[in-house]
Amino acid sequence: MIIAVVGPTGVGKTKMAVALAKKYGAQIISCDSMQVYKKLDIGTAKVTAKEKESIIHHMIDICDVNADYSVYNYQKDARAILNKLVASNINVIIVGGTGLYLKALLYNYEFKNIEEKRSFSEFTNEELYEMVLKINPNNDIHVNNRQRLESYLKNHNKDDGIKKNSELLYNTVFIGLTMPREKLYNVIDSRVDEMINGGLLKEAKSLYDNNTSGKSIKTAIAYKELYEYFDGNLSLDGAVDLIKKRSRNYAKRQYTWFKNQMNVKWFNVLLNDFNTTINEVVSYIQIQNK
RNA sequence: GGCUCUGUAGCUCAGUCGGUAGAGCAAGGGACUGAAAAUCCCUGUGUCGGCAGUUCGAUUCUGCCUGGAGCCA
């Protein structure tokens, strides 16, 4: 049995995953693009040893903060684990908020091995767009989306359109956790405050002092803003507000993905009565497995 | 008390030489195959502080009232 627990940041996915893992004797595979990195603990809301409740968690702390980890690596690594667990008849709970990683793990996404790393810095957006159009006349990547245009040009192999109908490869029950938007935003805001009070500044400062500056730092919300603060470009309050804002924006994007990319059954999370939510989810899973 | 500036979208502000307004951010929706906690797309009617005057017509000019900021006493 494979269960995927999805939803925006801050809804309680970690807690739900552990509860379900205990219930079904399952192991957990994390599906989070930032929790794969070591040393990014507080800011990524990584599960603590205590929260794990001795459930086995995979795909957390698997690479160096300075490493360049991507969906390509994730798919390879996570599938290896998933296949092994499935073969051993062990139940699996996949939890995480990184939609693309989840999809790459469970659907027929295919990535090529890239040898040469081409640079496209000499081209304008329009030129890149034309280049993509030549390869794929049905291209629907927007001209302004340079990042994706470059990515397409780097990764496509002649005559194969990157886009394929995505097909689910593993029989999976998708559980989505949600709550009213306003409530979620309040939870996110106060969670950021808790992180700050819980040692996030110290964690980020020690990375900063060690000149840690990989892709992870540039991408991860909280770290990139605190680096701006350490550099003197932002006040502490300004940085904290930015972290909150970007976390909220991120949560909204997560909803868009999970609502439209996969068939998710949504459950409203009751903050003061999480057990009720757990029971609802469990009874839904029971029905699905009949 | 006097002088000056100011009150326009949830926020910061533009603007209309008089014909009822527009950006950024927020917010909402969407896309997504190697940065994905990323990147990008779409969506802007709001008594233009209140009342009155001038005018065919005022958010725009004038007067008064009122909220805010500063300077002088």
Side-chain angles (χ1 to χ4, degrees), chain A residues 6-10 13 30-37 40 42-46 65-78 96-118 120 125 128-129 132 135-136 139-157 160-167 169 180-182 184-185 188-189 191-192 195 213-227 238 241-262:
Chain A
V6 305
T9 183
K13 297 188 294 292
S30 163
C31 183
D32 189 296
S33 65
M34 291 301 138
Q35 294 189 10
V36 295
Y37 295 105
L40 305 187
I42 300 171
T44 62
K46 203 178 275 174
V65 230
N66 294 303
D68 264 17
Y69 201 81
S70 78
V71 62
Y72 169 76
N73 306 292
Y74 181 84
Q75 185 189 50
K76 217 164 57 171
D77 298 343
T98 306
L100 175 65
Y101 281 24
L102 218 215
K103 207 150 184 201
L105 171 60
L106 298 174
Y107 290 73
N108 63 335
Y109 273 33
E110 286 176 21
F111 301 99
K112 310 284 176 193
N113 230 329
I114 312 173
E115 316 80 26
E116 29 123 31
K117 289 212 169 175
R118 261 185 93 181
F120 294 92
N125 288 5
L128 292 178
Y129 184 74
V132 172
I135 297 159
N136 178 9
N139 159 61
D140 61 353
I141 301 173
H142 195 277
V143 212
N144 294 346
N145 203 341
R146 167 171 270 267
Q147 191 182 92
R148 291 228 295 124
L149 289 173
E150 285 193 19
S151 163
Y152 184 94
L153 292 168
K154 280 177 193 159
N155 304 317
H156 90 280
N157 267 359
D160 80 333
I162 268 184
K163 213 164 183 182
K164 289 174 183 157
N165 294 330
S166 37
E167 178 196 330
L169 304 178
R181 196 63 66 91
E182 203 182 333
L184 178 70
Y185 285 178
I188 288 172
D189 286 351
R191 194 164 77 149
V192 171
M195 286 176 178
S213 66
K215 196 179 89 176
S216 58
I217 294 290
K218 288 192 190 107
T219 309
I221 295 172
Y223 300 94
K224 57 183 170 190
E225 291 80 7
L226 288 177
Y227 267 49
D241 285 347
L242 236 199
I243 293 169
K244 290 175 179 173
K245 193 196 89 175
R246 289 190 172 147
S247 298
R248 285 184 243 118
N249 295 161
Y250 169 47
K252 185 173 162 317
R253 271 179 273 129
Q254 288 176 300
Y255 269 121
T256 301
W257 181 282
F258 293 123
K259 275 191 302 191
N260 299 290
Q261 296 281 331
M262 41 195 64

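So that the names make sense, note that chain A is the first sequence line, chain B the second, and so on, each numbered from 1.
Within the structure, every side-chain polar atom (N or O) of N145(A) is placed at least 4.0 Å from both OP1 and OP2 of A31(B). At U33(B), none of the side-chain N or O atoms of Q75(A) fall inside 4.0 Å of OP1 or OP2 (strictly under the cut-off). Between A38(B) and K224(A), a contact under 4.0 Å exists linking OP1 or OP2 to a side-chain N or O. Phosphate proximity of U33(B) to Y107(A): absent, as no side-chain N or O sits under 4.0 Å from OP1 or OP2. Between K252(A) and A26(B) there is no side-chain polar atom (N or O) within less than 4.0 angstrom of OP1 or OP2. Between Y250(A) and A37(B), a side-chain N or O to OP1/OP2 separation shorter than 4.0 Å is present. For the OP1/OP2 pair of U33(B) and a distance below 4.0 Å, the side-chain nitrogens and oxygens of K103(A) include no atom meeting the criterion. For N125(A) and C40(B), the shortest distance from a side-chain N or O to OP1 or OP2 is not below 4.0 Å. Under 4.0 angstrom from either OP1 or OP2 of G28(B) there lies at least one side-chain N or O belonging to R181(A). Contact between the side-chain N/O atoms of N144(A) and the OP1/OP2 oxygens of C41(B) is found at a separation under 4.0 Å. For A37(B), neither phosphate oxygen OP1 nor OP2 lies less than 4.0 angstrom from any side-chain nitrogen or oxygen of T44(A).
Between N260(A) and K245(A), the residue whose closest nucleotide on RNA chain B is further toward the 5' end is K245(A).
Of all nucleotides present, none satisfies the Watson-Crick or G-U wobble test against A36(B) with each distance under 3.5 Å. Across all strands shown, nothing is found opposite U16(B) as a Watson-Crick or G-U wobble partner with both distances under 3.5 Å. Taking a pair to require two hydrogen-bonding distances under 3.5 Å in either a Watson-Crick or a G-U wobble arrangement, U4(B) pairs with A69(B). C61(B) is paired with G53(B) under the Watson-Crick or G-U wobble criterion, all donor-acceptor distances under 3.5 Å.
Among the protein residues, T219(A) comes within range of the sugar-phosphate backbone only, with heavy atoms under 4.0 Å from sugar or phosphate atoms but none that close to a base. Residue K76(A) is classed as having no contact, given no heavy-atom separation below 4.0 Å to the nucleic acid. Within the nucleic acid shown, S216(A) has no heavy atom closer than 4.0 Å to any nucleic acid atom.
A distance of about 10 Å separates the P atoms of G50(B) and U8(B), rounded to the whole Å.
Expressed to the nearest 0.5 Å, how far CZ of R191(A) lies from CD1 of I243(A) amounts to 12.5 Å.
A salt bridge links D189(A) with R248(A); the closest basic N to acidic carboxylate O contact falls under 4.0 Å.
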